[in-house]
Number of protein chains: 2
Amino acid sequence: MVRPGGRSARVQHAVHTAVRELEAEVGRDALTVPLVAARAGVTPSTIYRRWRDLQQLLSDVAVERLRPDAAPEDRGDLASDLEAWAEQFLDEMASPPGRAYIRDALLGDPDGSNAGQCSAYAAEQVGVVLARAAERGEKAPDVESVIDHVIAPMMYRILFRPGRLDASYARRLVADLLA
Amino acid sequence: MVRPGGRSARVQHAVHTAVRELEAEVGRDALTVPLVAARAGVTPSTIYRRWRDLQQLLSDVAVERLRPDAAPEDRGDLASDLEAWAEQFLDEMASPPGRAYIRDALLGDPDGSNAGQCSAYAAEQVGVVLARAAERGEKAPDVESVIDHVIAPMMYRILFRPGRLDASYARRLVADLLA
DNA sequence: ACTCTAAAGCAAAGACGTAGCTTCTAAGTG
DNA sequence: CACTTAGAAGCTACGTCTTTGCTTTAGAGT
């Protein structure tokens with residue numbers, strides 16, 4: 001049972017913060033559970049008990065970092081909004097740190113719930129764009145179509161075919177979808 | 001330098017075999033490098049040197065298992081061929097072992113070459129189907145289109161949205177592409 | 001205030017990962 | 001057919017990480 005205002009929450013926050021700090025300081029590959037524990041001021045066994053291993057901890061932190069921090073920009077029409085969002089999404093996700101976070105999120109995650117959360121974030125952002133279009137009276141596809149025709153192809157390339165990506169790919173996918 | 005007929009090749013084979021056997025016997029989570037080494041009759045340091053860690057070893061083995069073992073079935077026309085291939089692909093990849101292999105292949109792979117290999121396997125199979133269609137004189141899409149419109153959406157769901165999949169999804173994607 | 005329980009601390013034992021050095025083996029050469 | 005050589009495997013010792021049982025703490029509910 002998680003007690004929101006209590007010690008558990010403090011520990012979780014301290015550990016997450018320690019991971020982010022150390023990731024920046026010593027690099028991902030040098031991270032170890034004892035190192036994180038020392039920085040967070042907890043004992044290693046606490047981390048092992050709560051997260052089971054370093055992978056799952058990194059996965060948790062990665063999901064946090066993949067959460068969008070702002071609503072998609074409003075450029076006045078669906079095509080522009082979607083194009084801008086897709087370009088930014090691709091740009092962030094295809095970057096080396098972006099790819100690392102995606103891999104971490106997928107990795108320590110037997111049941112896929114962390115990865116599912118990432119997908120939900122993207123779907124939510126797209127949902128906002130589509131809802132705005134609907135309010136304007138524009139004809140808009142549904143979220144599922146955007147996932148299948150825009151997000152999925154971008155993700156596939158990011159994960160399976162690195163080095164075959166640029167912003168024009170995002171624009172082409174959006175254009176094809178809206179055609 | 002790898003010497004195909006020599007000791008290196010024997011060791012690599014013994015280690016891969018040991019991984020597959022132990023995976024079946026004790027389960028993935030109980031695999032460790034020393035355990036694999038003992039079964040393969042080599043010392044742990046050999047594995048650490050060649051593969052660096054367990055993840056990369058599992059990644060190598062996973063790629064091997066994801067290699068298709070036969071050419072796609074010929075059902076006489078493009079739509080049927082592609083539909084059959086997509087259904088089988090989805091079925092294999094969405095299964096628990098299939099997902100585990102995909103994750104392993106993605107995982108121990110900083111530069112994405114193992115994952116790229118998996119993608120290449122799928123592209124090759126699709127290429128065979130499309131080439132047959134071209135020989136028959138059918139109008140066929142190119143491989144890139146199939147990747148974007150069929151493979152990528154299936155993979156995205158497998159990785160990010162488990163539990164939202166069935167064979168009809170594969171059929172729908174193929175039908176939409178060929179429409 | 002008191003009780004109760006989930007979570008954290010502690011400590012010791014065992015397993016794992018790393019690195020230096022030695023030994024082997026197969027490919028190339030005269 | 002020896003001989004050389006370099007890459008790869010074996011061995012070993014050390015340090016670090018992981019696991020586990022038990023104890024202690026702190027916050028939620030009464």
Side-chain angles (χ1 to χ4, degrees), chain A residues 1-23 25-64 103-104 107-110 113-114, chain B residues 1-23 25-62 64 104 107-110 113-114:
Chain A
M1 173 182 173
V2 177
R3 287 149 165 173
R7 187 162 58 157
S8 296
R10 278 203 306 280
V11 166
Q12 162 152 354
H13 182 259
V15 169
H16 277 213
T17 300
V19 168
R20 282 191 292 267
E21 288 177 4
L22 288 170
E23 209 170 354
E25 287 173 28
V26 304
R28 248 203 61 125
D29 292 347
L31 285 185
T32 66
V33 170
L35 189 67
V36 172
R39 169 68 61 103
V42 302
T43 59
S45 60
T46 295
I47 294 182
Y48 287 119
R49 268 195 243 281
R50 277 182 65 125
W51 284 278
R52 184 170 168 74
D53 57 27
L54 184 62
Q55 258 180 20
Q56 303 225 7
L57 172 56
L58 291 178
S59 182
D60 266 19
V61 174
V63 171
E64 255 182 26
R103 286 163 42 92
D104 283 343
L107 219 125
D109 191 18
S113 57
N114 279 357
Chain B
M1 176 182 172
V2 175
R3 287 147 166 177
R7 185 163 60 155
S8 297
R10 280 200 306 278
V11 166
Q12 163 153 351
H13 184 257
V15 169
H16 277 214
T17 300
V19 168
R20 281 190 293 267
E21 287 177 3
L22 288 170
E23 208 170 353
E25 287 173 29
V26 304
R28 248 200 62 121
D29 293 345
L31 285 185
T32 65
V33 170
L35 189 67
V36 172
R39 170 67 62 101
V42 303
T43 59
S45 59
T46 295
I47 294 183
Y48 288 121
R49 265 196 250 281
R50 278 184 63 127
W51 284 277
R52 182 167 173 78
D53 58 27
L54 183 63
Q55 259 179 20
Q56 303 226 6
L57 173 55
L58 290 178
S59 182
D60 266 20
V61 174
E64 252 182 28
D104 283 342
L107 218 125
D109 192 16
S113 58
N114 278 356

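Basis for what follows: all heavy atoms, side chains included, without hydrogens, waters or symmetry-related copies. Keep in mind that what you see is a predicted model, and the values were worked out from it rather than measured.
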Q: List for me each residue that meets side chain to side chain donor-acceptor pair (under 3.5 Å) alongside B:Glu23, sequence neighbours excluded, and say none if there are none.
A: B:Arg65
**Q.** Within residues 29-47 of chain A, residues whose heavy atoms come under 4.0 Å of DNA chain D
**A.** A:Thr32, A:Val33, A:Pro34, A:Ser45
**Q.** Rounded distance in Å - CD (B:Gln12) to P (C:dA26)
**A.** 16 Å
Q: Find which nucleotide of DNA chain C each of B:Arg49 and B:Leu54 is nearest to by heavy atoms, and output the residue with the more 5' nucleotide.
A: B:Leu54
Q) For B:Trp51 and D:dA8, what is the distance between atoms CH2 and P respectively, to the nearest whole Å? A) 12 Å
**Q.** Value in whole Å for how far the P atom of D:dG10 lies from CZ of B:Arg10
**A.** 10 Å
In residues 36-43 of chain B, what donor-acceptor pairs under 3.5 Å come from side-chain atoms, sequence neighbours left out?
unit_1	atom_1	unit_2	atom_2	d
B:Arg39	NH1	B:Glu21	OE1	2.7
B:Arg39	NH1	B:Glu25	OE2	3.1
B:Arg39	NH2	B:Glu25	OE1	2.9
B:Thr43	OG1	B:Ser45	OG	3.4
B:Thr43	OG1	B:Thr46	OG1	3.3

Q | Non-neighbouring partners of A:Arg52 that pass side chain to side chain donor-acceptor pair (under 3.5 Å), sequence neighbours left out | A | none
Q.
Without decimals, in angstroms, what is the distance between B:His13 NE2 and D:dA8 P?
A. 19 Å
**Q.** side chain to side chain donor-acceptor pair (under 3.5 Å) partners of B:Arg49, counting only residues at least two apart
**A.** none
Q: For C:dA7, take OP1 and OP2 only and decide whether either is under 4.0 Å from a side-chain N or O of A:Arg50.
A: no
Q. What residues form a side-chain contact (heavy atoms from CB on, under 4.5 Å) with B:Asp60, not counting sequence neighbours?
A. B:His16, B:Trp51, B:Asn114
Q) Just to confirm, is there a sub-4.0 Å distance from OP1 or OP2 of D:dT24 to any side-chain nitrogen or oxygen of A:Arg7? A) no
(Q) Which heavy atom of B:Pro34 sits nearest to which heavy atom of B:Pro44, and what is that distance? (A) CA-CG, 4.2 Å
